[in-house]
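Chain naming here is simple, since letters A, B, ... match the order of the sequence lines and numbering starts at 1 in each.
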There are 2 protein chains.
Amino acid sequence: MTTRWLTSEEQRAWRAYIAASHLLEDAIDRQLQQEAGMPHVYYSILANLSEAPDRRLRMTDLAERTKITRSRLTYAVTRLEKDGAVRREGCPSDKRGSTAVLTDEGMTLLERTAPGHVDTVRAALFDRISPEQVGQLEEICASVARGLEGDDAQAPPDDVPWRRRSPGPCT
Amino acid sequence: MTTRWLTSEEQRAWRAYIAASHLLEDAIDRQLQQEAGMPHVYYSILANLSEAPDRRLRMTDLAERTKITRSRLTYAVTRLEKDGAVRREGCPSDKRGSTAVLTDEGMTLLERTAPGHVDTVRAALFDRISPEQVGQLEEICASVARGLEGDDAQAPPDDVPWRRRSPGPCT
DNA sequence: TAAGTTTGTTTCAAACTTGAACCAAGTCGA
DNA sequence: TCGACTTGGTTCAAGTTTGAAACAAACTTA
């Protein structure tokens with residue numbers, strides 16, 4: 001099959017997307033690095049923990065929610081543990097497992113830095129788009145995420161019947 | 001001023017966006033790493049060069065188009081130069097400057113790997129959204145990019161009159 | 001129940017990114 | 001035309017990410 005190249009509308013959209021996502025991530029990373037001393041992903045880890053029951057989550061679970069690899073998470077949690085924001089605990093039911101727990105200190109850090117973070121996200125994104133666009137963005141991203149979620153391959157071959165989906169939100 | 005937290009629509013959109021952008025970048029990076037032996041940003045560098053007149057661009061110019069820092073670009077170009085995909089040339093008019101040039105080898109690599117890349121982008125994004133959504137995505141991203149473009153601070157203080165903008169597309 | 005497989009997590013080396021510091025080479029005003 | 005500032009790029013150390021390999025604890029099954 002010969003390649004279906006992008007139409008010029010698609011090209012424009014793709015380029016705009018690449019630019020926007022780079023600029024946005026950079027802006028957020030810079031802001032959080034300054035105010036919280038950590039990059040966005042690390043902040044997201046804390047945020048996810050703060051919303052979990054008992055502020056604790058199994059490593060793999062946390063990796064799935066934050067959409068990062070397990071090894072990246074291991075590194076991040078080790079660092080956050082040094083900072084005192086997170087604590088690791090063994091899992092009694094499954095001795096292989098380990099659980100990340102948000103400490104009080106971590107919670108405090110989160111509460112202290114959340115306003116600045118939200119301001120940044122607002123200034124960069126939500127203050128620049130209309131309420132309809134918020135909905136549109138969600139729909140688009142949800143479709144994309146649904147398609148890629150738990151996908152091992154990028155282009156599911158036609159001979160594979162179907163793949164698992166996972167429900168629920170993320171950070 | 002007390003923080004304006006995200007509404008629940010905004011939260012949903014934001015989470016969906018974070019998830020989608022991580023998954024998408026990962027998928028593309030994996031695909032390109034396999035087929036082209038380089039991450040997405042490096043591919044973008046080559047792609048940008050290929051479209052430039054005479055396939056050459058000043059470093060700073062290239063950094064601006066790809067939305068990456070100068071030091072990151074320096075590193076990347078050094079690597080791509082080792083691979084033989086790019087060549088550096090001094091700039092006659094401005095002796096400080098250096099110019100990155102896409103080699104024939106680099107162009108070949110690009111041509112060879114472009115189809116697979118486009119397929120991935122299609123499978124992950126464009127095949128999952130409607131033509132209207134393509135337009136919506138572009139609008140949204142363009143707004144965000146416009147807001148962040150060449151912004152040194154994330155939240156321009158009110159006492160600063162205005163900031164420069166730059167026109168044109170990117171990759 | 002030993003052997004083989006899967007699952008949860010960490011480890012390690014190599015590659016990449018960051019930001020600050022640095023070095024020219026241009027520019028500008030007195 | 002000197003000195004101060006800006007601009008274009010690179011360098012360096014510290015931090016982060018990647019993917020493959022290693023481990024160990026569950027499972028599965030003959």
- Note on the structure: Between CG of Leu62(B) and P of dT7(D) the distance, given in whole Å, is 20 Å
- Query: Just how far, in rounded Å, is P of dA20(D) from CZ of Arg70(A)?
  - Reply: 13 Å
Taking only distance into account, with no hydrogens and no angle test, what donor-acceptor pairs under 3.5 Å do side-chain atoms of residues 104-116 of chain A form with protein atoms, sequence neighbours excluded?
| residue | atom | partner | partner atom | Å |
| --- | --- | --- | --- | --- |
| Thr108(A) | OG1 | Asp104(A) | O | 2.9 |
| Thr113(A) | OG1 | Leu109(A) | O | 2.8 |
| Thr113(A) | OG1 | Leu110(A) | O | 3.4 |

- Hey, which sits more toward the 5' end of DNA chain D by its nearest nucleotide, Asp94(B) or Ser71(B)? Asp94(B)
- Mind checking which nucleotides bracket the chain B contacts on DNA chain C, 5' to 3', with an atom under 4.0 Å from a heavy atom? dA15(C) to dG26(C)
- Does Arg88(B) have a side-chain nitrogen or oxygen under 4.0 Å from the phosphate oxygens OP1 or OP2 of dT10(D)? yes
- Task: Whole angstrom is fine here: how far is it from CG in Leu57(B) over to P in dG9(D)?
- Result: 10 Å
- Does a donor on one side chain and an acceptor on the other come within less than 3.5 Å for Arg30(A) and Gln34(A)? no
- With nearest nucleotides of DNA chain C determined for Asp29(A) and Arg58(A) from heavy-atom distances, which residue corresponds to the more 5′ nucleotide? Arg58(A)
- Contacts of type ring-ring contact (aromatic ring centres under 6.0 Å, His included), residue Tyr17(B), not counting sequence neighbours: Trp14(B)
- Query: Does CD in Glu139(A) sit with more than 12 non-hydrogen atoms of other residues, nucleotides or ligands closer than 6.0 Å?
  - Reply: no
- Task: Tell me which residues in residues 72-84 of chain B put a heavy atom below 4.0 Å from DNA chain C, sorted by number, or none.
- Result: Arg72(B), Tyr75(B), Arg79(B)
- Task: Would you mind listing every ring-ring contact (aromatic ring centres under 6.0 Å, His included) that reaches into residues 72-93 of chain B, with sequence neighbours excluded?
- Result: none
- State the OG1-CG distance between Thr99(B) and Asp94(B), to the nearest 0.5 angstrom. 9.5 Å
- Check ion pair Arg56(A)-Asp61(A) (N to O, under 4.0 angstrom): no
- Task: In whole angstrom, give the distance that lies between atom CE of Met38(A) and atom C1' of dA14(D).
- Result: 17 Å
- Message: What I'd like to find out is whether the side chain of Leu49(B) reaches to under 4.5 Å of the side chain of Val101(B), using heavy atoms alone.
- Response: no
- Who pairs with His117(B) by ring-ring contact (aromatic ring centres under 6.0 Å, His included), at least two apart in sequence or on another chain? His40(B), Tyr43(B)
- Gap between atoms CE and P, on Met59(A) and dA24(D) respectively (whole Å): 18 Å
